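Predicted, not measured: the structure shown is a model, and the values here were computed from it.
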Amino acid sequence: MNGGEGINDMEVNENKEKKCEVLMWGYLPGVSPLQSSLTSPVSVRFPESEVAGDSWKDVCGGGCGFGLAISASGKLITWGSADDQGQSYLTSGKHEETPEPYPLPTNDPILKAAAGWAHCVSVTGKGEVYTWGWKECVPSGKITCSWTSMKTFEKNRSAKQSSTLTEQGSPRSPGPKSSVGSLSCSDDKNVEDESIKRRKVSTRQEFEISVPADETLSAPPCLVMLDPLVKITSVAAGGRHTLALSDVGQVWGWGYGGDGQLGLGTRIKTVASPHLIPCIDPSSCRKDKPDKVHQESVSAGALSHNSVGNYIKGIACGARHSSVITDAGVLIAFGWGLYGQCGQGNREDMLRPSCVSSLSGTQIEAVAAGLWHTICICTDGHVYALGGNQFGQLGLGTNSDQCEFIPRLLDASVLENKNAKVVSCGARHSVILTDDGKIYSWGWNKYGQLGLGDTIDRNIPSQVPVDNVVPKNIACGWWHTLSLCETVS
């Protein structure tokens, strides 16, 4: 997104209209007849029901099996879920193969959005936040819509739907469903069972449960009640928790907090209303070696407040951990730490925001988090990875049960002289976008979420082939990837 243009190119482009296109690949079951995965980038058709002149503006990933993007007019567009996908089918708006605006109860344009395991959250131009989905993820707030009214909206709209995705059949076509279509997160369960045995306190593995599309378990779009002076600019969604960043650099959180992912110092399971998270606390950032860092200890040699930063500029949610970046480029993490994804040199859960001290002196520009891992980008374009690496999702050239408890520099030859600018993580795969408009992916690839034309895992970055477009942004869902690209006509 930050690539430069030469003078001649700029002169030529002044007389050409730039158009945006969204590409998708991976597990989006509703877009194909047999619910098979897309192993290579495929264009997403813009909703024909929208007004002429509207187009794609941004991609937001999506949750478990559905895509999420924003149009230039500020409409939230969803697609890709199938009717046997339980909670995700309800959360995404039951749009299947046809991208359509999600019926939010507001006329304000949507600027940002995110999706977790089975909930979504969006931000309007006024800085207001709407969220919906699994009730456990939705705070007590002002209910502005009901499922009954949304059903009426869907019914009226369904009669008008005729558009389909480019070169994709109807998910209603007859024929046996592939093994992909029956996916209900059980693929994560086998590996996750091992972690249960290793934990002293067994916790319910919420990401391995196939939740039926029962409206009694779900909450319709809700206006999140914040102080009138609080204006939210971006949001991040984890497995069952949400972070919201305000225009003054404060972080608010709600949802499930049993592993410390809400940074409140406790294992409170449900935070039913937004709480301010004390992310910047100099006492949490020590100069000790990472393996000596303990979340409850305070060092007389703690970094000064100015060294840590004055406000938060970036947020990310993993399945059960969170990461934020300060204006000084300091990486702070909290939550589930079994695989070292919080970067503290151990497996301990971090109940309070704690600086990743091994990166002191390195300015972090962007961060993303997956099920068990975290990827961050420095201001110089280098990439660091930490956490679980069972499927090569760290991109270090190995894939084993050995975890990285402190960040490791990703030193892949294919990235030599490349500067990463954007990063996104799926459950167990990672994707970056470089400043010259190239996409690189690695990790778990059972459903083609790497976009490399096959279903073979990669433990080093590989370039995703895209033709006749210039990628401008990337966003991962649980098992899929989206890219906003620019074309010149």
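Counted by atom type alone, N389 and S400 present zero donor-acceptor pairs between their side chains at under 3.5 Å. For the 3.5 Å distance criterion, the side chains of T374 and H321 qualify, holding a donor opposite an acceptor. Between the side chains of H373 and S430, a donor-acceptor pair is found at a separation under 3.5 Å.
Other residues, nucleotides and ligands place no more than 12 heavy atoms under 6.0 Å from the NZ atom of K112. Counting non-hydrogen atoms of other residues, nucleotides and ligands closer than 6.0 Å to NZ of K418 gives a total above 12.
Between Y27 and W478, the distance from one ring center to the other does not fall under 6.0 angstrom.
Residues satisfying the side chain to side chain donor-acceptor pair (under 3.5 Å) criterion with H382, sequence neighbours excluded, are D380. With sequence neighbours left out, the salt bridge (Lys or Arg N to Asp or Glu O under 4.0 Å) criterion links K57 to no other residue. For D108, the side-chain contact (heavy atoms from CB on, under 4.5 Å) criterion is met by T106, T124, K126, E128, not counting sequence neighbours. Under the rule for a side chain to side chain donor-acceptor pair (under 3.5 Å), the partners of N459 that lie at least two apart in sequence or sit in another chain are N399. For H480, there are no side chain to side chain donor-acceptor pair (under 3.5 Å) partners two or more places apart in sequence or in a different chain.
To the nearest 0.5 Å, the span separating CG on N417 from CG on N419 amounts to 8.5 Å. Taken to the nearest 0.5 Å, the CG atom of L262 stands 5.5 Å off from the CD1 atom of I277.
The shortest side-chain heavy-atom distance between V367 and I375 does not fall under the 4.5 Å cut-off.
Taking the six-membered ring where tryptophan is involved, the planes of W479 and W117 are perpendicular, since the angle between them exceeds 60° and thus also 30°.
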**Request:** Please lay out, stage by stage, how T91 and H119 fare under the test side chain to side chain donor-acceptor pair (under 3.5 Å).
**Result:** CA-CA 6 Å; T91 302; H119 75 288; over 6 Å; no
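Judged as a salt bridge (charged side-chain N to carboxylate O under 4.0 Å, His left out), not a single pair has a partner in residues 473-484 (not counting sequence neighbours).
Between R320 and D259 there is a salt bridge, since a side-chain N of the basic residue sits under 4.0 Å from a carboxylate O of the acidic one. Between D349 and R267, at least one side-chain nitrogen of the basic residue sits less than 4.0 Å from a carboxylate oxygen of the acidic one, meeting the salt-bridge criterion. Classification of K231 and D227 as a salt-bridged pair fails, no side-chain N sitting under 4.0 Å from a carboxylate O.
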